[in-house]
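Heads up, the thing below is written out as structure tokens.
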Amino acid sequence: QVQLVESGGGLVQAGGSLRLSCAASGRTFSSAAMGWFRQAPGKEREFVAAIDWIGGSPNYADSVKGRFTISRENAKTTLSLQMSSLTPENTAVYYCAAAQAVVAGPNHGEYKYWGQGTQVTVSS
């Protein structure tokens with residue numbers, strides 16, 4: 001079992017930055033790949049970024065490459081998403097997710113545990 005709680009969302013102007021955090025509890029965090037997804041109003045949930053169980057092999061959606069950075073600290077059971085050069089198109093609820101495997105990709109079906117989400121709003 002893994003419980004996930006996101007934080008760090010908020011309102012930011014276009015061009016600004018935010019850092020999202022995901023606090024995890026449960027024994028399996030350190031052996032699970034982790035990911036960030038987002039869902040904008042009226043749209044389906046979409047992949048943002050993922051990282052393997054030891055913090056390697058980060059992969060990103062094309063739309064965020066070069067602007068977002070995913071990282072994790074297993075000792076602190078935390079997952080982070082550093083977001084920069086934000087645009088209004090990045091406005092969404094951002095979700096942290098834990099996979100059942102040590103490596104996971106962009107398919108939300110690979111992820112078993114989900115947080116409640118944190119709202120990110122980017123104003124123009």
Side-chain angles (χ1 to χ4, degrees):
Q1 277 280 20
V2 178
Q3 293 78 44
L4 304 170
V5 179
E6 303 94 336
S7 62
L11 175 64
V12 63
Q13 289 189 330
S17 299
L18 275 178
R19 185 177 182 89
L20 304 184
S21 295
C22 174
S25 60
R27 293 184 175 182
T28 59
F29 174 84
S30 60
S31 61
M34 299 293 296
W36 287 99
F37 289 76
R38 66 187 179 189
Q39 188 166 18
K43 296 187 177 181
E44 293 186 352
R45 191 169 299 189
E46 65 173 0
F47 171 75
V48 176
I51 194 165
D52 71 18
W53 66 296
I54 55 172
S57 304
N59 64 95
Y60 301 92
D62 288 343
S63 61
V64 306
K65 281 180 182 176
R67 299 188 298 120
F68 290 15
T69 302
I70 188 172
S71 61
R72 67 188 294 164
E73 285 191 69
N74 284 352
K76 297 182 179 180
T77 63
T78 59
L79 177 74
S80 298
L81 184 69
Q82 179 67 46
M83 307 185 294
S84 61
S85 302
L86 287 163
T87 71
E89 288 70 35
N90 300 137
T91 294
V93 176
Y94 283 71
Y95 297 90
C96 168
Q100 291 183 271
V102 296
V103 177
N107 298 311
H108 62 75
E110 298 180 78
Y111 298 83
K112 182 175 182 179
Y113 304 104
W114 294 82
Q116 293 300 305
T118 185
Q119 176 70 48
V120 171
T121 302
V122 184
S123 63
S124 57

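Atoms considered below: every heavy atom in the structure, side chains included; atoms not considered: hydrogens, waters and symmetry mates.
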Atom of [X], atom of [Y] and distance for their closest heavy-atom approach:
X	Y	answer
Ser31	Val102	O-CG1, 3.3 Å
Ala104	Ala50	O-CB, 3.9 Å
Arg72	Ala32	NH1-O, 2.7 Å

Any donor-acceptor pair under 3.5 Å linking the side chain of [X] with the backbone of [Y]?
X	Y	result
Glu6	Gly117	yes
Thr77	Ala24	yes
Asn74	Ile54	no

Between [atom1] on residue [X] and [atom2] on residue [Y], distance to nearest 0.5 Å:
X	Y	atom1	atom2	answer
Ser84	Arg19	OG	CZ	11.5 Å
Thr87	Arg67	OG1	CZ	5.5 Å
Glu44	Arg38	CD	CZ	14.0 Å
Gln82	Ser21	CD	OG	9.5 Å
Gln119	Thr91	CD	OG1	7.0 Å
Cys96	Gln116	SG	CD	11.5 Å

Taking transitive links into account, so neighbours of neighbours count too, which hydrophobic residues share a cluster with Phe68 at under 4.5 Å side-chain distance?
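Its cluster mates, by chain and number, are Val2, Leu4, Val12, Leu18, Leu20, Phe29, Met34, Trp36, Val48, Ile51, Tyr60, Val64, Ile70, Leu79, Leu81, Met83, Leu86, Tyr94, Tyr113, Val120, Val122.
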What residues form a ring-ring contact (aromatic ring centres under 6.0 Å, His included) with Trp114, not counting sequence neighbours?
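For Trp114 the ring-ring contact (aromatic ring centres under 6.0 Å, His included) partners, ignoring immediate neighbours, are Phe37.
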